[in-house]
Amino acid sequence: MPFKPPTPGPSVPPTQRHPSSAANIVLIGFMGSGKTTVGQLLAQKREWQFVDTDEMVVQTARRDIPTLFATEGEIGFRDREAAAIREASTGERQVIATGGGAVLRPENVEALQKTGVVVWLTARPEVAVARTQYCARERPLLVAGADDLLTHVLKMLGERGPLYQAAAHLVVDTSDRDVHAIVREIDRKAARARALQPEPACR
Ligand code: S3P
């Protein structure tokens with residue numbers, strides 16, 4: 001099934017959903033969607049801390065991601081990723097970049113939606129492939145496919161697209177765009193999403 005990034009599902013479209021809290025900005029999206037690059041610049045702009053949950057996993061495990069997949073399997077990695085997400089979700093004034101598979105566990109999505117504005121960074125499949133092909137070895141799930149990289153990416157996007165869609169408050173495309181323009185767009189939209197939050201009920 002071809003991947004179409006911001007296809008509105010039967011649920012509430014992301015742009016009309018309100019984050020329950022907006023202490024942080026959370027970036028979700030497929031490998032090569034630009035979460036780290038955009039996240040670092042956005043954190044700089046806001047003078048917030050940049051937190052990368054993959055990096056937290058690597059630091060805690062003292063092993064890189066391919067080694068973790070090889071020794072503990074994907075489940076071991078996902079358990080560590082869930083722990084990193086739980087920990088990151090307790091902070092504030094952070095831009096949190098997640099790994100591409102963070103949305104696979106509902107408990108992660110719940111924690112991320114509670115902790116801030118969840119922004120789904122999209123990229124056309126060819127763009128995601130171009131951005132990742134030279135370092136695909138660092139991403140075990142990209143080398144796991146028997147197909148060529150684009151076919152494999154399309155298959156994974158077909159499975160994960162609805163999960164990103166369901167998790168996101170906002171969608172921002174990063175294909176063929178200046179990174180500073182992307183950062184400005186997220187900054188503006190996240191501030192607006194925060195302003196739109198319902199006021200707490202009076203007692
Ligand atoms: C994964 C994405 C990676 C990393 C791990 C698994 C995935 O992060 O968490 O290799 O399942 O999509 P990036 O999205 O930062 O590459």
Side-chain angles (χ1 to χ4, degrees), residues 3 5 24-43 49-89 94-109 111-112 118-147 149-168 171-175 179 182-183 186:
F3 175 67
N24 299 299
I25 296 176
V26 177
L27 303 180
I28 61 169
F30 196 71
M31 294 172 266
S33 59
K35 300 176 299 267
T36 306
T37 311
V38 169
Q40 283 171 338
L41 280 174
L42 180 62
Q49 201 189 338
F50 175 69
V51 174
D52 183 325
T53 57
D54 277 347
E55 195 49 41
M56 288 171 75
V57 167
V58 167
Q59 293 299 326
T60 314
R62 295 169 185 238
R63 289 186 204 152
D64 62 23
I65 290 177
T67 310
L68 273 175
F69 268 75
T71 54
E72 300 181 11
E74 181 173 351
I75 292 181
F77 171 78
R78 297 290 172 212
D79 288 344
R80 289 180 179 277
E81 179 178 54
I85 287 172
R86 274 198 304 278
E87 190 185 330
S89 300
Q94 309 169 108
V95 177
I96 304 173
T98 58
V103 292
L104 294 172
R105 289 200 179 172
E107 80 216 52
N108 295 344
V109 173
L112 294 170
V118 179
V119 185
W120 175 20
L121 297 187
T122 59
R124 287 198 316 281
E126 319 81 77
V127 174
V129 166
R131 287 179 185 161
T132 53
Q133 62 186 339
Y134 297 111
C135 49
R137 232 174 297 153
E138 289 166 24
R139 293 174 165 104
L141 293 184
L142 285 185
V143 282
D147 314 312
L149 195 50
L150 181 59
T151 310
H152 185 55
V153 164
L154 283 169
K155 200 153 84 190
M156 289 184 79
L157 281 170
E159 290 159 10
R160 291 183 177 185
L163 300 176
Y164 294 130
Q165 172 84 30
V171 184
V172 173
D173 189 57
T174 67
S175 313
V179 67
I182 298 167
V183 166
I186 299 173

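Whatever order the structure lists them in is the order used to number ligands and atoms, beginning at 1. Excluded from the calculations below are hydrogen atoms, water molecules and symmetry mates; all remaining heavy atoms, backbone and side chain alike, are included.
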Under a strict 4.0 Å criterion on non-hydrogen atoms, which protein residues are in contact with ligand 1? Met31, Lys35, Asp54, Ile65, Phe77, Arg78, Gly99, Gly100, Gly101, Arg139, Pro140, Leu141, Arg160
Is a salt bridge present between Asp79 and Arg105, judged by a nitrogen-to-oxygen distance below 4.0 Å? yes
Less than 4.0 Å between a side-chain N and a carboxylate O, is that true for Lys155 and Glu159? no
Less than 4.5 Å apart, any side-chain heavy atom of Leu157 and any of Pro125? yes
Looking only at heavy atoms, which two atoms of Val51 and Ala88 are closest? And how far apart? CG1-CB, 4.1 Å
I need the minimum non-hydrogen distance between Thr98 and Lys35, along with the two atoms involved. O-CE, 2.7 Å
Report the residues that fulfil side-chain contact (heavy atoms from CB on, under 4.5 Å) with Ala43, sequence neighbours left out, ordered by chain and then residue number. Phe50, Val95
